[in-house]
Amino acid sequence: MTVTTRFAPSPTGHLHVGNVRTALHNWLWARKHGGRFLLRIDDTDLERSKEEYVAAIRADLAWLGFDIDGEERQSARFALYEAEFEKLKAAGRVYACYETPEELEIRRKILLSRGLPPVYERRPEGAPVPDGVAPHWRFRLDHEAPIEWTDLIRGAQHFEPKTLSDPVVRRADGSWLYLLPSVIDDIAMGISHVVRGEDHVSNTAAQIQMFEALGAAPPAFAHEALLVGTEGKLSKRLGSLGMADLREAGIEPVALAALLARLGTSDPVEPVTSLAPLIAGIDFARFGRAPARFDEAELALLNQKILHHTDYAAVAPRLPAAIGEARWLAIRPNLMTVAEAAEWVPVFDGPFAPPPPEAADLPVLDAAAAVAPAIDWDADPWHALTDAVKAATGAKGRALFLPLRRALTARDHGPDMRQLLPLIAKDEALARLSAR
Ligand code: GLU
């Protein structure tokens, strides 16, 4: 069996971290098993689906590095749904319904007031059909066949079909609800594993009977616990946090993937620099049932950690021309984002206006200005400079290093000066040391 997964977003908005997590798990699973990862655009709702969102979804997946092996659009598949629907109708597995939403609501309230579960009651056999009313359609669950599956995350699942309402699969205007087209597509596309949020668990129960009614074996299912914010549920802001926001905030796609691959599992989050180790590590058995907590601060920190051992080649196209490999290696331990690298260009090449030196720092700076011209910049200039200044002034430790760092970089903190100083031109450094 070829492992085939699909990510099936509705193009009614931008992807947010919750959707991306689902996409990631599907992609990782397919890649781990040498299988296929499909993008299925669930655009049966022609009004709310927008082309700009389809384009944004593709762009976001590409940014994340989740390559796809095929794309399908539900709006191009209505003829197939129609044909399968006709088969189910002929077999008595879908049936016409005529209740108005108001009638259904009243029935629901009556059942609840009697302490009964609000399960849809089928119209008795032979009940009169109202005149001139277009029906909507429900799938007839087989009440005699208990629904069972072993969820890859949730373990053994059992549903009594009598406790479920026959789901509506098609509206009176002929438009499709999500449940049936999804099953028809999963069969047609040979989906082996459906990986999605646990909000779909009861849909799965009904869909398992749809697979069977259409003569297909259901795929394997993995329902993941929901993603929540640090304070409980995913806040409005986080819930709508799109990839554009994260990109703007300087988050690397691999940082987001590294966090989302491990949140809600028993494995630690690791600062990986490529998706490969995440592919090897995906294992639904490691996923827990408790909600997975997404913390933006944790993401920012992970992003920083990842940058600290990111190779030059991986970021070179996004760096200013003045930041070559040696400069990247010197500054990367001090960066929160790649964009911050630009802030170091003036430190290397100017224009540069160091703060006027404090009186107490003058002896160190005067000594530095005096010894620096004789230093070989190609050897280890920082070592030579600090040794000579120390010998001349007796200053050591912070009293030696800080005035020099300030004069040379205009900052109190930053990269290792041993690495940094050879990357500043000698005459530029001399000018900074003698500026008063
Ligand atoms: N379009 C559905 C959703 O976004 C797909 C669910 C599924 O994966 O089957 O909820």
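Positions are given from 1 along the sequence. Every number for a ligand or one of its atoms is a count from 1 in the order of the listing.
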- Would you please say whether a donor-acceptor pair under 3.5 Å links the side chains of Asp45 and Tyr178? no

- Item | Residue pair Arg171 / Ser175, side-chain donor-acceptor N/O under 3.5 Å |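 The criterion, which ignores hydrogens and geometry beyond distance, is satisfied for Ser175 and Arg171.
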
- Message: Nearest non-hydrogen contact with atom 1 (N) of ligand 1 belongs to which option: Asp42, Asp43, Asn19, Thr12?
- Response: Asp42

- Task: With side chain to side chain donor-acceptor pair (under 3.5 Å) as the test, would you mind laying out the steps for Trp149 and Asp151 before giving the verdict?
- Result: CA-CA 6 Å; Trp149 78 93; Asp151 197 277; 3.1 Å; yes

- Message: If you measure every N or O of Ala8 against every N or O of ligand 1, does any of those distances drop under 3.5 Å?
- Response: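 Between Ala8 and ligand 1, an N or O pair is found under 3.5 Å apart.
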
- Counting both backbone and side chain atoms, is some N or O of Arg40 under 3.5 Å from an N or O of ligand 1? no

- Item | Reference residue Phe159; test side-chain contact (heavy atoms from CB on, under 4.5 Å); the match among Leu164, Thr204, Ile208 | Leu164

Atoms in ligand 1 flagged as close to [X], the criterion being non-hydrogen separation under 4.0 Å:
{"X": "Arg196", "result": "7 (C), 8 (O), 9 (O)"}
{"X": "His200", "result": "3 (C), 6 (C), 10 (O)"}
{"X": "Arg6", "result": "7 (C), 8 (O), 9 (O)"}
{"X": "Ser10", "result": "1 (N)"}

- Query: Of the options Arg122, Arg138, Arg140, which is the one that meets Asp166 in a salt bridge (charged side-chain N to carboxylate O under 4.0 Å, His left out)?
  - Reply: Arg122

- Item | Ion pair Glu298/Arg293, N-O distance below 4.0 Å |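 So Glu298 does not pair with Arg293 through a salt bridge.
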
